[in-house]
Amino acid sequence: MKIKIENLTKQFANHTAVCRFNAEIESGQLIALLGPSGCGKSTMLNMLSGILTPTEGSIFFADEDVTFTAPEKRGVGLVFQNYALYPHMSVLDNICFPLEIQKVPKAERTRRAIEMAKLVHVESMLERKPAQLSGGQQQRVAIARALVKKPRLLLLDEPLSNLDARLRIEMREEIRRIQQETKITTIFVTHDQEEAMSISDAILLMKDGVLQQMDQPQRLYDD
Ligand code: ADP
Ligand code: ADP
């Protein structure tokens with residue numbers, strides 16, 4: 001799905017976290033939102049998911065204005081830094097959960113959850129609890145749970161930052177593979193330049209709430 005961000009601004013009491021952000025993202029791309037801590041990445045992500053309402057500006061998904069659409073009606077899948085899995089539920093139940101909320105019949109949600117578990121390579125761990133998984137495996141489950149509703153947009157908030165160096169490299173390649181297999185438009189938040197360069201089709205570079213540059217990774221710092 002194509003995304004258009006127009007003049008997007010978020011003002012907190014006495015601080016402008018995001019200022020007049022403009023960008024167009026082509027359908028099917030993996031975009032890195034890159035910048036140092038405090039530059040406004042989470043605020044941007046929260047406005048895209050609908051958790052935060054902008055002070056000014058608009059967000060379009062395809063050609064639909066979703067600026068004030070409720071989060072659950074946007075068709076967005078979210079993956080958090082700390083995975084946020086339900087500790088008392090099995091892998092299968094974690095992946096099924098968004099469909100249970102939507103009252104999808106049990107056989108159908110199990111079928112779709114297993115399909116997602118296969119996509120992210122956790123199909124041999126369906127009965128385990130999150131605590132019995134490695135960090136990388138937990139992140140795979142979180143991705144499967146985010147994708148099970150077939151969202152139009154996948155948002156990943158620093159998904160690799162709690163992993164050790166080896167798993168970080170493994171999982172960034174996995175995120176790339178999963179994105180290419182599903183072709184879902186994806187925005188990946190990171191403060192790590194190398195990570196952004198290695199994974200994305202294009203980088204949105206932010207500083208102090210402002211979009212500094214948007215370009216392909218190899219062209220980012222050229223001029
Ligand atoms: P990042 O994700 O890049 O670390 P954030 O979007 O979390 O940046 O924050 C951008 C700026 O806005 C920071 O200065 C932060 O302290 C401030 N900020 C974020 N959320 C709030 C809030 N709810 N109220 C006031 N200031 C906030
Ligand atoms: P991140 O690791 O994504 O940058 P933070 O730890 O900076 O997130 O912020 C965590 C939460 O606290 C976010 O929801 C953010 O909006 C909120 N927050 C950040 N800075 C402030 C602030 N100065 N005042 C109020 N809330 C804030």
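Whatever order the structure lists them in is the order used to number ligands and atoms, beginning at 1.
Looking at residues two or more places apart in sequence or on another chain, you find no ring-ring contact (aromatic ring centres under 6.0 Å, His included) involving Phe61. With sequence neighbours left out, the side chain to side chain contact (heavy atoms under 4.5 Å, CB included) criterion links Gln193 to Leu34, Met197, Tyr221.
Arg152 has a carboxylate O that lies under 4.0 Å from a charged side-chain N of Glu64, or vice versa, which qualifies the two as a salt bridge.
Judged purely by distance below 3.5 Å, without hydrogens or angles, the side chains of Asp65 and Thr67 pair a donor atom with an acceptor atom.
Contacts between Ala13 and ligand 1, counted as non-hydrogen atom pairs separated by less than 4.0 Å, are absent for every part of the residue. The residue His191 has no part lying near ligand 1, judged by heavy-atom distances below 4.0 Å.
Cation-pi geometry between Arg145 and Tyr86 is satisfied (NZ or CZ under 6.0 Å from the ring centre, within 45° of the ring normal).
Within the listing of ligand 1, atoms 4 (O) sit less than 4.0 angstrom from a heavy atom of Ser37. Which parts of ligand 1 touch Thr43 is read off a 4.0 Å heavy-atom cut-off, strictly below it: atoms 5 (P), 6 (O), 9 (O). Taking every heavy atom of Ser42 and a limit of under 4.0 angstrom, the matching atoms of ligand 1 come to 1 (P), 2 (O), 6 (O), 7 (O).
Residue Gly38 has at least one nitrogen or oxygen atom sitting less than 3.5 Å from a nitrogen or oxygen atom of ligand 1, judged on distance alone. Distances between N or O atoms of Gly40 and those of ligand 1 include at least one value under 3.5 Å.
The closest approach between Pro36 and ligand 1 falls below 4.0 Å for a heavy atom of the residue.
Side-chain N or O atoms of Gln138 include one that pairs as donor or acceptor with a backbone N or O of Leu133 at under 3.5 Å.
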